[in-house]
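Just below is one structure, and these are the notes that go with it.
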Amino acid sequence: MSNRRTFAIISHPDAGKTTLTEKLLLQGGAIHLAGEVKARGQARRARSDWMKIEQQRGISVTSSVMTFERRDENGDIVTFNLLDTPGHEDFSEDTYRTLTAVDSAIMVIDAAKGIEPQTRKLFEVCRLRSVPIITFVNKVDREGRPPFELLDEVADMLALDVSPQSWPIGMGGLFKGVLNFESGALALPEGESKEFLGKLDASPEIPEPFAEEAELARIAYPEFDLEAYRGGDLTPVFFGSALKNFGVVDLIEAIARYAPPPRPQPAGDEQIPPDRDEVTGFIFKVQANMDPQHRDRIAFMRMVSGTFKRGMKLTPSGLGKPLAIHSPIMFFAQDREIADTAEAGDIIGIPNHGTLRVGDTLSEKNALRFTGLPNFAPEILRRVVLRDPTKTKQLRKALDDLSEEGVIQVFYPEIGGQWIVGVVGQLQLEVLVSRLEAEYKVEAVLEAAPFDTARWLSGEEKAIDEFESFNRANLARDRDGDLVFMAKSMWDVNYQQEKNPDLAFSATKER
Ligand code: G4P
């Protein structure tokens with residue numbers, strides 16, 4: 001069995017994801033001082049203007065990878081690959097892709113706020129991809145909602161069984177610590193812990209009403225069931241405080257113990273198991289200009305099978321010819337290091353100049369294609385207008401780059417030179433404008449587009465040609481040259497679909 005645990009943390013902004021990430025890394029010995037994740041975040045933010053948006057709004061709009069190790073209860077080393085997901089709902093597409101690369105997720109909930117709509121949306125994406133979830137109810141050191149209410153909310157809103165694994169003894173001013181049901185240990189604020197199981201009511205640290213409540217909680221909910229958890233039907237719940245470091249060890253031990261090791265990944269009708277000899281993987285994210293000194297681009301590959309060795313030749317499905325991978329990068333909390341080897345479940349960064357794209361499969365034999373990394377139809381369309389018309393070439397390059405990264409989608413109309421960008425959320429537009437300026441020195445404004453939505457067209461060549469000859473003014477090509485119907489409204493889409501039953505108007509495109 002693999003010792004890899006590749007997971008993401010999903011949460012509403014402000015629930016405590018950054019703080020928890022930091023504490024998890026601390027537990028893993030990956031960083032030595034709390035605050036380093038943030039410091040690193042700030043250094044990174046200082047690099048380019050668009051990161052300012054992140055700073056101003058206090059949200060995280062990029063996702064990255066953090067690898068750390070820790071010994072489990074048997075003394076064996078477990079490697080954790082933590083994929084950071086953007087917390088903002090506008091970035092659901094990016095988040096979706098990140099979730100294609102993980103085997104499990106931690107859902108962080110703020111004890112005062114419960115589940116917020118964005119978190120629920122993220123949860124639904126997890127369910128869609130059968131990603132099992134461990135719930136962490138954070139901030140129990142503050143005044144919050146009663147824990148029973150929070151558990152019931154998780155169960156109701158997500159239609160899941162909940163199984164509390166720990167329990168807060170008091171909240172807010174009455175907060176005494178977190179009791180672990182399995183070990184029977186009570187984590188105390190001084191960093192000590194005590195054994196209590198079986199004699200809850202006899203302990204001075206746990207006053208009577210809390211002892212009763214904990215006992216009730218332990219018997220009132222389903223017991224933990226590994227299969228139900230991995231099948232996505234049950235979520236174990238841990239209470240804690242990321243800030244004060246309560247319940248974080250319980251959480252990391254739960255990931256080591258329960259979270260699934262690397263799972264098989266779909267490639268058409270086939271499932272590719274992690275123990276296949278051939279090295280295979282897929283690109284789920286591309287990030288350009290991570291280092292503004294060098295026009296570099298890092299493609300993030302999730303390893304699906306085999307043992308990768310530095311210098312190995314892999315064939316990207318989009319390129320068709322082998323690529324020798326000389327400087328694969330592994331991301332440790334504070335450092336990037338050149339990876340000599342990588343296993344199924346690991347994420348490696350591959351520097352490249354645009355040859356690797358999101359959705360690409362990389363493999364030794366180039367005989368399979370991983371599936372399930374779609375593009376979504378944009379919900380907001382805008383025309384890009386240059387302030388300086390001589391910068392057309394730079395703009396085209398920028399739009400191509402950024403669409404590859406998944407920041408935006410770009411559509412080049414068949415008639416006329418007005419390029420159109422599409423996004424799923426408003427914030428992406430702001431990121432676009434500020435990155436155009438900061439990274440490509442292109443000043444542009446976004447204007448209303450004459451279209452409302454877009455659909456990818458497919459069908460028999462003859463039917464497509466015919467449609468094209470009649471509707472050229474409403475057709476565009478995406479970054480890959482695929483034909484897109486630009487619609488004025490949903491009514492328009494439905495109307496054309498009815499009139500052209502031989503054509504498919506798709507809201508997603510497999511990358
Ligand atoms: P995010 O990444 O999910 O957006 O959340 P982040 O960790 O930045 O935490 C949001 C705020 O909640 C921070 O406070 C953080 O200190 C606080 N917080 C996180 N975990 C806990 C906890 O367990 N208990 C309590 N009481 N607070 C917690 P802030 O004031 O916005 O930022 P800062 O001034 O502390 O940096």
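Note that ligands are numbered from 1 as they come in the structure, with each ligand's atoms numbered from 1 the same way.
If you look at Arg142 next to ligand 1, the close heavy atoms, those under 4.0 Å, all belong to the side chain. In Pro13, the part holding a heavy atom less than 4.0 Å from any atom of ligand 1 is the backbone. Counting heavy atoms under 4.0 Å from ligand 1, residue Leu243 touches it through both backbone and side chain. Heavy atoms of Thr19 found under 4.0 angstrom from ligand 1 belong to the backbone as well as the side chain.
Among Glu22, Lys139, Lys23, the residue whose heavy atom lies closest to atom 28 (C) of ligand 1 is Lys139. The option from Val108, Asp14, Asn138, Val248 that lies nearest to atom 4 (O) of ligand 1, judged by heavy atoms, is Asp14.
Between Tyr221 and Phe148, the ring-plane angle classifies as parallel under the 30° and 60° cut-offs. Taking the six-membered ring for Trp and thresholds of 30 and 60 degrees, Tyr229 and Phe224 have ring planes inclined between 30 and 60 degrees apart.
Shown in contact with Lys17 at under 4.0 Å from a heavy atom are these atoms of ligand 1, numbered in order with element: 1 (P), 2 (O), 3 (O), 5 (O), 7 (O). Heavy-atom contacts of Ser241 reach the following atoms of ligand 1: 22 (C), 23 (O), 24 (N) (cutoff under 4.0 Å).
The side chain to side chain contact (heavy atoms under 4.5 Å, CB included) test with Val248 is passed by exactly one of Asn138, Val178, Leu24: Leu24. Considering Thr98, Asp346, Asp103 as possible partners of Arg302, the one that fulfils the side-chain hydrogen bond (donor to acceptor under 3.5 Å, both in side chains) test is Asp103. Test Lys285, Lys397, Arg357 against Glu404 for salt bridge (Lys or Arg N to Asp or Glu O under 4.0 Å) and you get one pass: Arg357.
Inter-residue side-chain proximity for Asp161 and Asp233 is flagged as unmet; no heavy-atom pair is nearer than 4.5 Å.
There is a side-chain donor-acceptor pair under 3.5 Å between Ser163 and Gln165.
Ligand 1 has no N or O atom lying under 3.5 Å from any N or O atom of Lys244, backbone or side chain. For ligand 1, the polar-atom distance check against Leu20 finds no nitrogen or oxygen pair separated by under 3.5 Å. Remark: ligand 1 and Gly240 share no N or O pair separated by less than 3.5 Å (distance only, no angle test).
Atom CZ in Arg479 sits 13.0 Å away from atom CZ in Phe411 (nearest 0.5 Å).
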